[in-house]
K.L.:
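Supplied in structure tokens, the structure appears directly below.
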Amino acid sequence: MKKIITVTMVALLLAGMFAVHGAGGEGTRAYGSGVKQMVCYVHNATEAQYIFDYSTTHVANTTLGSRATSAGDVQAVRLDWYLSPQLAGPFTMNGDITFNIFANTTGVSANANINLEVYEVTYKSGTQTTESLVATGGPESYTLTTSIDSYSVTAVDVHHTFQAGSSIRIHVEVQGGASSYFTAWYGDATYDSRVVFDSMDYLRVADVYTLDYANNPTLSFDPSSQQKVVKIRANLTDPFGGYDIRWVMVTVVRPDGSLLLDNATMDLLDGTPSTYNNIYGKTINYNDLPVGTYTTFVYAMDNNGYNYYNHMQKYEYGPYGATGTGYFNIGLPNMLDITLVNAFDEPLSGAEIELIYSGEVLASGITDENGNLSIGVYSGTYTLKAIWNGTDIIWEDTLMVINGDSNNTVEGKRLTVISDMQVKIYGNVGDLNIHLVDADGNALGNANIYISYPNGTSSINPIRSGLTGNARLYRVPGGHYSASVFWKGVPVASVTFTASFNTTAPTFTEEVSCTVYNIVMVAEDHSGDTVSFVSIVARNTDTGNVEDFGVTDSAGKVSFRLPGGKKLIQAYWHDVKVYETLNVEFSSSRQMTLDCSIYRMTVSTVSSSDKPLSDVSVVLEKDGETIDYGMTGEAGAVFFRVAPGDYTLRGRLITTYMMQAIDTEQTQNITVSGDTPVKMTFSDYPPSAITTPLALFSIALILVIVGSLAAMIYMKKKWQAPPETEVTEVETSEALEVREDAPIQQDYSPPEYYQPQEQNNQGPPKF
């Protein structure tokens, strides 16, 4: 029953130590994450204080003054106070800075404005000051009366870290009409004018640890030792310095839960009013104490908590105070068998394992070829390190399996040892895959990647991404990496990332987006029509290196992948440069149109009579090389695409004209600088008709026909003539008169050689 009561008391004690109370009233409010209101009271010191080389009694600190002071003047009261001692550690603001001042006026009530300025002072000597303005507040308008009351002015939303060694100057003004007399009151519990900082830095118990009789850090103490002394130590840090630490107490709980010490006072062993680290201690003798693990709880309070309880009469410590926990063991060490493996469950040999307590390495060793290490450690909770290839491979998500039981696991860097035990540690080691993609998310292959590793080393030779954009590093430690990616000699990405590995994800993939863009280039001629077979080259403007090249397809397009930056784009067609532009910068994927110097040459072929000639073969030559050819159509025309330059046109007409074979050529030299019409005249076509075979044949045919007709007439006459008789000439006047209607009578007999035949309807006789 006693044990149960004791444990309950400790639980209640710890609950009170760690609680953050939300009591209302002046000096408290709801706090942001990690923020506390730290109060410094302004007062006149009894002795001059030095701020660097500057002597003053106007100071501010966390102690409550005991000397009431007033300062008055006509129209305005201006006051400065300096934080003294100077800051022992960094002091970070994350919220408001509020000044509360007691003030009044004489005679009648008067309107007044209150202003606040806060400075960080890094040096001061006489009139020479090095300081920077941190925050301002006000003006806040009030009506002051003859009664002494408290008024406030606030600098809101201040985010600033005052560095260790600095002082803080608080400048306050109360001002009004020229006839008004104002008085400010401060310096004691009645007139507790003060500045309130919303701060993230305050008293903390940085460490709780134990030393043996020879002041060696240790967790375990030998029951057979002649010097049975346990020295409990607590390191307290405070940005205001050691003067701000009001008291420190320690509670020690035995292995059975009963109290060995109950809020025992710890003594200051090392530190001054102005030091950041302050060591408090308590010594116990463990003679006749049972073996086992003892737990130590340290509870410390600063001036803010003390004044909150007493001066503010809250009778609780609010959000103030600091706690810390430690352990020590009385008894023999435990045997700890460690197996260190990677995320693939493969042993990690040659790793240096350390068990750390209170910043000291209490046990260490090197894993063998099977990843095993056996060491003796006393009961306690340790921070683990495993240095493999220069990198600590224990991290927040490290999985540790206890005694081979997959249901008994621990995650993190800390391991509690209470007896002999086995632990399998899955170190932060696995495969790192870097996946490169271009700006459109497509895999980027053939890129060079230079890696900086968690241990600070960098690769001399790059690793290269494959066609799928992946570059893999096998069995590497987790941690912070950086990667610089070069593609086609141009830097396209620079990233930092943290790789981590565990049993469910032994491969870590980091996708890196690179400034590589997909550019579609379209070649167009002077008329805006696309052109195929145009060779396009993209060069780096700075280096002149070719980064990509290609030839346009039937649609006049070619696709490039180019790293970002300025480019020189050139286009060639039939070995002639038809496009060039400098300093084209690509920052996204897009289509680019090249307005090429490619023109239309229309060749019209005509005869000597200026009539269109079809089916004329036209060859376009440049420097003796044929670069294009074509055949004229019905309109007698053919057109070519040509680049600027000098060309030769050769036209050949092969045909027949009036049965005469025609094979004639024409040659013309042309200079092209734009769209060019060309007229090619075949002056020897058509030839003279009289000389053609058809004309000669026609003449011969006519002659033959005429001759044949003449012969036929002659023969006919010969057939129809009478036999030869004596012809008697008669005078013309004696000729017979023949009437038109009179029948002709002839006395005619066929010649002897003519023998009449039967009618056979066979036409004229053959001959």
Side-chain angles (χ1 to χ4, degrees), residues 522-536 551-557 571-579 594-702:
V522 182
E524 293 185 351
D525 63 15
H526 189 60
S527 301
D529 295 329
T530 58
V531 185
S532 58
F533 302 111
V534 176
S535 298
I536 302 176
V551 179
T552 59
D553 58 16
S554 59
K557 296 181 179 181
Y572 294 84
W573 193 63
H574 294 301
D575 296 328
V576 178
K577 186 190 294 183
V578 294
Y579 180 89
L594 279 58
D595 185 8
C596 300
S597 299
I598 299 176
Y599 306 105
R600 290 204 174 199
M601 176 189 288
T602 302
V603 181
S604 300
T605 56
V606 298
S607 66
S608 59
S609 57
D610 206 32
K611 293 183 178 180
L613 293 176
S614 61
D615 298 326
V616 177
S617 174
V618 182
V619 176
L620 181 67
E621 296 180 353
K622 183 175 179 59
D623 299 327
E625 298 285 339
T626 298
I627 62 173
D628 206 350
Y629 63 90
M631 188 78 71
T632 60
E634 292 182 0
V638 63
F639 81 90
F640 302 106
R641 280 195 173 108
V642 289
D646 296 328
Y647 296 87
T648 298
L649 280 171
R650 300 188 186 278
R652 186 176 183 182
L653 176 62
I654 301 177
T655 186
T656 57
Y657 182 79
M658 297 183 69
M659 298 183 66
Q660 178 175 327
I662 303 296
D663 188 349
T664 182
E665 291 187 3
Q666 291 291 326
T667 301
Q668 287 182 241
N669 294 321
I670 305 297
T671 298
V672 175
S673 59
D675 289 342
T676 304
V678 178
K679 185 176 183 180
M680 179 176 284
T681 302
F682 286 81
S683 57
D684 56 352
Y685 182 85
S688 175
I690 196 65
T691 63
T692 63
L694 181 58
L696 296 176
F697 175 77
S698 298
I699 293 171
L701 181 61
I702 291 172

K.L.:
Do Val618 and Met631 pass the side chain to side chain contact (heavy atoms under 4.5 Å, CB included) test, and can you show the C-alpha distance, the side-chain angles, and the key distance before you say yes or no?
P.N.:
CA-CA 6 Å; Val618 182; Met631 188 78 71; over 6 Å; no
K.L.:
Is any side-chain heavy atom of Asp529 closer than 4.5 Å to one of Arg641?
P.N.:
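SC-SC contact between Arg641 and Asp529 confirmed.
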K.L.:
From Ile670 CD1 over to Thr648 OG1, what is the distance, rounded to the nearest 0.5 angstrom?
P.N.:
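These two atoms lie 8.5 Å from each other.
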K.L.:
So, do Tyr685 and Leu613 sit near enough that their side-chain heavy atoms are less than 4.5 Å apart?
P.N.:
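Side chain of Tyr685 against side chain of Leu613, heavy atoms only: contact under 4.5 Å found.
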K.L.:
Please report the closest heavy-atom contact between Ser614 and Gly633, naming both atoms and the distance.
P.N.:
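The answer is CB-O, 2.9 Å.
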K.L.:
What distance do Phe640 atom CZ and Ile598 atom CD1 have between them, rounded to the nearest 0.5 Å?
P.N.:
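Rounded to the nearest 0.5 Å, the CZ-CD1 separation comes to 15.0 Å.
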K.L.:
Shortest non-hydrogen contact from Leu594 to Ala571?
P.N.:
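Distance-wise, the nearest heavy atoms are CD2-CB, 4.0 Å.
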K.L.:
Just so I know, are the side chains of Val606 and Lys611 near enough to count as touching, which here means a heavy-atom distance under 4.5 Å?
P.N.:
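No, side chains not in contact.
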K.L.:
Is Asp575 atom CG crowded by more than 12 heavy atoms from other residues, nucleotides or ligands, each under 6.0 Å away?
P.N.:
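No.
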K.L.:
Atom CG of Asp595 and atom CD of Glu524: how far apart are they, to the nearest 0.5 Å?
P.N.:
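Nearest 0.5 Å value for the CG-CD distance: 7.0 Å.
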K.L.:
Quick one: which of Thr655, Val638, Thr632 gives a side chain to side chain contact (heavy atoms under 4.5 Å, CB included) with Val616?
P.N.:
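When Thr655, Val638, Thr632 are each tested with Val616, the side chain to side chain contact (heavy atoms under 4.5 Å, CB included) holds only for Thr632.
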K.L.:
Without swapping roles, check the side chain of Ser607 against the backbone of Ser609 for a donor-acceptor pair under 3.5 Å.
P.N.:
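Between the backbone of Ser609 and the side chain of Ser607 there is a qualifying donor-acceptor contact (under 3.5 Å).
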K.L.:
Quick one: does any side-chain atom of Asp553 pair with a main-chain N or O of Ala555 as donor and acceptor, under 3.5 Å?
P.N.:
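Yes, the answer is positive, given that a donor and an acceptor are paired below the 3.5 Å cut-off.
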K.L.:
Applying salt bridge (Lys or Arg N to Asp or Glu O under 4.0 Å), run through Glu621 and Arg650 and close with a yes or a no.
P.N.:
CA-CA 8 Å; Glu621 296 180 353; Arg650 300 188 186 278; 3.0 Å; yes
K.L.:
Determine, for Asp610 against Lys679, whether the closest basic-nitrogen to carboxylate-oxygen distance falls under 4.0 angstrom.
P.N.:
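Lys679 and Asp610: salt-bridged.
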K.L.:
Not counting sequence neighbours, which residues clear side-chain contact (heavy atoms from CB on, under 4.5 Å) with Asp663? List them please.
P.N.:
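Once residues adjacent in sequence are excluded, the partners of Asp663 under the side-chain contact (heavy atoms from CB on, under 4.5 Å) criterion are Arg652, Ile654.
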K.L.:
Between Val534 and Tyr572, is the side chain to side chain contact (heavy atoms under 4.5 Å, CB included) condition met? List the steps.
P.N.:
CA-CA 6 Å; Val534 176; Tyr572 294 84; over 6 Å; no
K.L.:
Check whether more than 12 heavy atoms from other residues, nucleotides or ligands sit under 6.0 Å from atom NZ of Lys557, and answer yes or no.
P.N.:
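For Lys557, atom NZ is not crowded (no more than 12 foreign heavy atoms under 6.0 Å).
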K.L.:
Nearest 0.5 Å please: distance from the OG1 atom of Thr676 over to the CG atom of Leu649.
P.N.:
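Thr676 atom OG1 to Leu649 atom CG measures 10.0 Å (nearest 0.5 Å).
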K.L.:
Are Asp675 and Arg600 close enough, and set up right, to give a salt bridge (Lys or Arg N to Asp or Glu O under 4.0 Å), and what steps lead you there?
P.N.:
CA-CA 5 Å; Asp675 289 342; Arg600 290 204 174 199; over 6 Å; no
K.L.:
Do Asp525 and Tyr599 come close enough that some side-chain heavy atom pair is under 4.5 Å?
P.N.:
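Of all side-chain heavy-atom pairs linking Tyr599 with Asp525, none is under 4.5 Å.
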K.L.:
From Lys622 NZ over to Tyr647 OH, what is the distance, rounded to the nearest 0.5 angstrom?
P.N.:
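Spacing of NZ (Lys622) from OH (Tyr647) equals 5.0 Å.
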K.L.:
Judged by atom type as modelled, is there a donor-acceptor pair below 3.5 Å linking the side chain of Thr552 to the main-chain atoms of Ala523?
P.N.:
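Side chain of Thr552 to backbone of Ala523, a donor-acceptor pair under 3.5 Å: no, none is there.
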K.L.:
Under a 3.5 Å distance rule, please check whether Thr656 uses its side chain to pair with a backbone N or O of Gln660 as donor and acceptor.
P.N.:
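Flag not set: sc Thr656 to bb Gln660 has no pair under 3.5 Å.
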K.L.:
Which distance, rounded to the nearest 0.5 Å, do you find between the OG of Ser608 and the CG of Asp684?
P.N.:
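Reported value, rounded in 0.5 Å steps: 8.0 Å.
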K.L.:
Might you work through the side chain to side chain contact (heavy atoms under 4.5 Å, CB included) test for Phe682 and Glu665, ending with a clear yes or no?
P.N.:
CA-CA 8 Å; Phe682 286 81; Glu665 291 187 3; 5.7 Å; no
K.L.:
Taking the side chain as C-beta and beyond, is there a heavy-atom pair between Ser597 and Pro644 under 4.5 Å?
P.N.:
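Result yes, sub-4.5 Å side-chain heavy-atom pair found.
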K.L.:
Between Tyr579 and Cys596, what is the shortest heavy-atom contact and its length?
P.N.:
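Shortest heavy-atom contact: CB-SG, 4.2 Å.
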